[in-house]
Amino acid sequence: MAMMPIFAPLKKIGMSIMTPLKRHKVKALLTSQEFEQSVRVCGWVKTQRTGKKFSFCELNDGSGLHNLQVVVDNALIAPEVLKRAATGAAVCIEGLLVKSQGKEQAVELQAQKLEILGEADGETYPLQKKAHSLEFLREQAHLRSRTNTFGAVFRLRNAVSYAIHHYFYQKGFVYVHTPIITASDTEGAGEMFAVTTLPLDNCPKLEGQVDWKQDFFERPAHLTVSGQLNAELAALGLGEVYTFGPTFRAENSNTTRHLAEFWMVEPEMAFYDLADNMALAEDFLKYLIRWTLDHNRADIDFLQENYEPGLVAKLEGVLASDFIRLDYTEAVSILQESGRQFEYPVQWGSDLQSEHERYLVEQHFGKPVIVINYPKDIKAFYMRLNADEKTVAAMDILFPGIGEIIGGSQREERPDVLLRRLHEMGLPEENYWWYLDTRRYGSAPHAGFGLGLERILMFITGMGNIRDVIPFPRTPGNAEF
RNA sequence: UCCCCCAUAGCUCAGUUGGUUAGAGCGAAUGACUGUUAAUCAUUAGGUCCCUGGUUCGAGCCCAGGUGGGGGAGCCA
């Protein structure tokens with residue numbers, strides 16, 4: 001039998017049984033030309049202005065930045081109902097869509113019916129009809145999606161996420177799901193969150209050590225710090241792949257650029273060298289920025305007006321610029337010859353500090369910079385060793401105001417060199433047998449990189465704190481909501 | 001983890017050399033008025049001055065410790 005009977009009764013459930021009118025989204029109504037039509041619209045009241053004959057409600061349903069102005073003839077809607085449609089209340093309104101008499105908007109809704117779905121007591125509702133600080137809203141993260149700012153930010157987050165999939169899909173990349181729980185450590189360093197079913201207060205012990213054989217995975221397991229190694233496995237078969245998912249770092253980082261839980265995009269491509277990798281990364285970043293300018297301009301304009309003057313020009317500037325390719329060794333020379341007094345000394349072999357990166361990007365070049373060929377000792381074991389035997393084919397893309405937005409490399413595909421590097425780093429070979437296998441059998445040159453979703457979002461939104469571009473941020477000591 | 005700064009009304013903040021009854025703007029409630037635009041005007045309510053201890057005749061203010069928040073650094077995406 002067909003499954004149709006299951007759906008038939010569903011149609012009669014909910015509000016649709018109360019009214020034959022179709023529910024419209026605010027965003028669609030604001031550009032609608034179909035005047036004198038009866039419509040139904042649901043949303044949250046942003047503000048209300050009451051008068052003797054007419055009252056005005058501004059309604060927002062999250063579909064866009066702009067509100068729908070609802071005009072209420074006080075003779076049609078009972079005053080006690082109108083009073084309950086205060087700031088923060090969820091309401092459903094039926095009325096006539098008309099050309100607005102006011103100057104601030106093209107259309108408005110003349111209310112005929114107003115139903116209160118959920119009240120918001122003005123005495124206690126935390127979000128007031130006024131500007132709030134980002135710090136305060138962080139403590140009200142459960143409600144901040146209702147604000148203009150976070151509505152704009154989260155719609156942009158959605159747009160960037162969608163654009164990521166769109167970009168790779170149209171290029172023929174395969175989206176692979178890499179594991180969240182892992183027993184390997186991609187970086188060979190970095191604090192990880194443990195995943196265990198063992199009781200912490202009464203761990204089974206064997207000769208004084210934790211008896212991992214009794215744990216769920218029969219070995220220590222962690223939340224992933226990167227999907228890269230798994231993505232490499234997939235790339236050496238599927239060709240061009242990417243993974244996009246949550247990533248976890250248990251570092252005690254208290255900065256505006258770090259989260260304990262964040263989202264990372266990691267493309268991995270067979271038969272790519274470092275130059276191909278850079279070209280892809282640059283094209284990819286520009287695509288994401290172009291996408292948001294094309295699809296979320298109202299949100300970006302709002303953020304420019306309220307948070308970062310010149311935001312649009314900054315984004316368009318990146319689109320118009322060719323990213324600088326800069327050898328690490330050359331970067332060190334530029335810094336040493338800059339005549340600048342840095343807090344940390346610049347010397348070949350040390351990693352570039354924030355102040356060094358900022359100087360290169362913001363002072364010296366004034367555009368995004370890709371620094372390549374770092375000393376091998378400050379980079380991970382899987383990066384391809386260059387012919388000089390001193391540097392690896394790494395690349396860091398540095399953005400103004402953000403710092404490192406992408407980190408990547410050509411991967412070491414030569415089994416003997418990879419094994420040597422593994423040993424030099426003091427990593428246990430047996431933990432990586434499956435990784436090494438891909439070099440033993442049909443190894444091929446390949447490359448990839450990681451983009452922090454929140455980092456690019458900070459750049460696109462102009463938000464200065466990474467906690468304001470993720471709905472529910474996890475940082476040391478903070479896992480509320 | 002290290003360094004610096006902050007904590008006073010629902011929010012943003014002022015508060016004199018330590019001195020009687022702690023203020024403003026915004027928000028809220030109530031009313032007036034108005035096709036309004038974060039409307040306007042009036043009235044009213046609203047405080048464990050973050051917590052604990054100390055100095056002092058007397059602490060919102062000075063000192064110590066704690067808690068919470070912010071900024072910077074390191075680590076990185």
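In what follows, every heavy atom counts, from backbone to side chain, and hydrogens, waters and symmetry copies are set aside. Here is the naming used below: chain letters follow the sequence lines, and residue numbers restart at 1 for every chain. These figures come from a predicted structure and were not determined experimentally.
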Legend entry - Residue list, ring-ring contact (aromatic ring centres under 6.0 Å, His included) with A:F262, at least two apart or on another chain: none
Legend entry - P gap between B:G58 and B:A28, integer Å: 43 Å
Legend entry - Separation of atom CD in A:Q105 from atom P in B:G35, rounded to whole Å: 15 Å
Legend entry - Nucleotide of B:U36, B:C76, B:G70 approaching A:F56 most closely (side-chain heavy atoms): B:U36
Legend entry - A:T47 side chain, from C-beta outward: closest of B:A77, B:G35, B:A39: B:A39
Legend entry - Which residues share a side-chain contact (heavy atoms from CB on, under 4.5 Å) with A:P246, sequence neighbours left out: A:I180, A:F248, A:W263
Inset, instruction - Look at the side chain of A:R455 against the base of B:C76 and say whether a donor-acceptor pair falls under 3.5 Å; ignore hydrogens and angles. - result: yes
Inset, instruction - State which of B:G74, B:G35, B:A77 makes the closest approach to the side chain of A:Q101. - result: B:G35
Inset, instruction - Check the pair A:K25 / A:D61 against salt bridge (charged side-chain N to carboxylate O under 4.0 Å, His left out), numbers first and verdict last. - result: CA-CA 7 Å; A:K25 296 282 192 77; A:D61 61 1; 5.9 Å; no
Inset, instruction - Check the distance between B:A77's C1' and A:I164's CD1 and give it to me in whole angstrom. - result: 12 Å
Inset, instruction - Could you run through nucleotides 6-13 of chain B and give me one letter per nucleotide, 5' to 3': B if any protein heavy atom sits under 4.0 Å from the base, S if only the sugar-phosphate is that close, - if neither? - result: ----BBS-
Inset, instruction - Assess the pair A:F342 and A:Y359: is the distance between their ring centroids shorter than 6.0 Å? - result: yes
Inset, instruction - Would you confirm whether A:T224, through its side chain, and A:S226, through its main-chain N or O, come within 3.5 Å as a donor-acceptor pair? - result: yes
Inset, instruction - Mind running a 4.0 Å heavy-atom check of residues 255-269 of chain A against RNA chain B and sending the residues that fall below it, in number order? - result: A:T255, A:T256, A:R257, A:H258, A:L259, A:F262, A:M264
Legend entry - salt bridge (Lys or Arg N to Asp or Glu O under 4.0 Å) against A:E357, all qualifying residues, sequence neighbours excluded: none
Inset, instruction - Measure from NZ on A:K379 to P on B:A77 and round the result to the nearest Å. - result: 7 Å
Inset, instruction - For nucleotides B:U56 and B:G46, find the distance between their C1' atoms and express it as a whole number of Å. - result: 32 Å
Legend entry - Candidates B:U36, B:G70, B:A39 - which lies nearest the side chain of A:R467: B:G70
Inset, instruction - May I have the distance from A:M458 (atom CE) to B:A77 (atom P), rounded to whole angstrom? - result: 15 Å
Legend entry - A:G477 vs A:I466, nearer the 5' end of RNA chain B by closest nucleotide: A:G477
Inset, instruction - Kindly say whether the aromatic ring centers of A:F168 and A:F284 come within a distance under 6.0 Å. - result: yes
Legend entry - Span that lies between the C1' atom of B:G15 and that of B:A22, in whole angstrom: 8 Å
Legend entry - Among B:U36, B:G74, B:C33, the nucleotide that comes nearest once only the side chain of A:Y344 is considered: B:G74
Inset, instruction - Indicate, with yes or no, if the rings of A:F381 and A:Y432 have centres closer together than 6.0 Å. - result: yes
Legend entry - Separation between the P atoms of B:G66 and B:G74, rounded to whole Å: 26 Å
Legend entry - Check: A:E355/A:Y344 side-chain N/O donor and acceptor closer than 3.5 Å: no
Inset, instruction - Decide whether A:N254 and A:T475 meet the rule of one side-chain donor and one side-chain acceptor closer than 3.5 Å. - result: no
Inset, instruction - May I have the distance from A:L137 (atom CG) to B:G69 (atom C1'), rounded to whole angstrom? - result: 14 Å
Legend entry - Distance between P atoms of B:C13 and B:U8 (Å, rounded): 9 Å
Legend entry - Comparing A:G102 and A:G407 on RNA chain B - which has the more 5′ nearest nucleotide: A:G102
Inset, instruction - Take atom P in B:U16 and the same atom in B:C63, then report the distance between them in whole Å. - result: 14 Å
Legend entry - Donor/acceptor link under 3.5 angstrom from A:S253 side chain onto base of B:C76: no
Inset, instruction - List for me each residue that meets side-chain contact (heavy atoms from CB on, under 4.5 Å) alongside A:T255, sequence neighbours excluded, and say none if there are none. - result: A:R257, A:H258
Distances under 3.5 Å between nitrogen or oxygen atoms of protein and nucleotides 41-51 of chain B:
none

Inset, instruction - With sequence neighbours excluded, tell me which residues meet side-chain contact (heavy atoms from CB on, under 4.5 Å) with A:D327. - result: A:T329, A:E330, A:I372, A:N373
Legend entry - Partners meeting ring-ring contact (aromatic ring centres under 6.0 Å, His included) with A:F481 (sequence neighbours left out): A:H142
Inset, instruction - Taking atom C1' in both B:C33 and B:C41, compute the distance separating them and give it to the nearest angstrom. - result: 8 Å
Inset, instruction - Establish, from distance only, whether the side-chain atoms of A:D396 and A:Y328 form a donor-acceptor pair under 3.5 Å. - result: no
Legend entry - Any residue meeting salt bridge (Lys or Arg N to Asp or Glu O under 4.0 Å) with A:K286, in chain and number order, not counting sequence neighbours: A:E282
Legend entry - Intra- and inter-strand pairs of RNA chain B in dot-bracket (Watson-Crick or G-U wobble, both distances under 3.5 Å; | for another strand): (((((((..((((.....[...)))).(((((.......))))).....(((((..]....))))))))))))....
Inset, instruction - Spell out yes or no: do the side chain of A:E104 and the base of B:U36 have one donor N/O and one acceptor N/O closer than 3.5 Å? - result: no
Inset, instruction - Kindly write out the residues that satisfy ring-ring contact (aromatic ring centres under 6.0 Å, His included) with A:F449, not counting sequence neighbours, or none if the list is empty. - result: none
Inset, instruction - Quote, to the nearest angstrom, the P distance that separates B:C49 from B:U40. - result: 33 Å
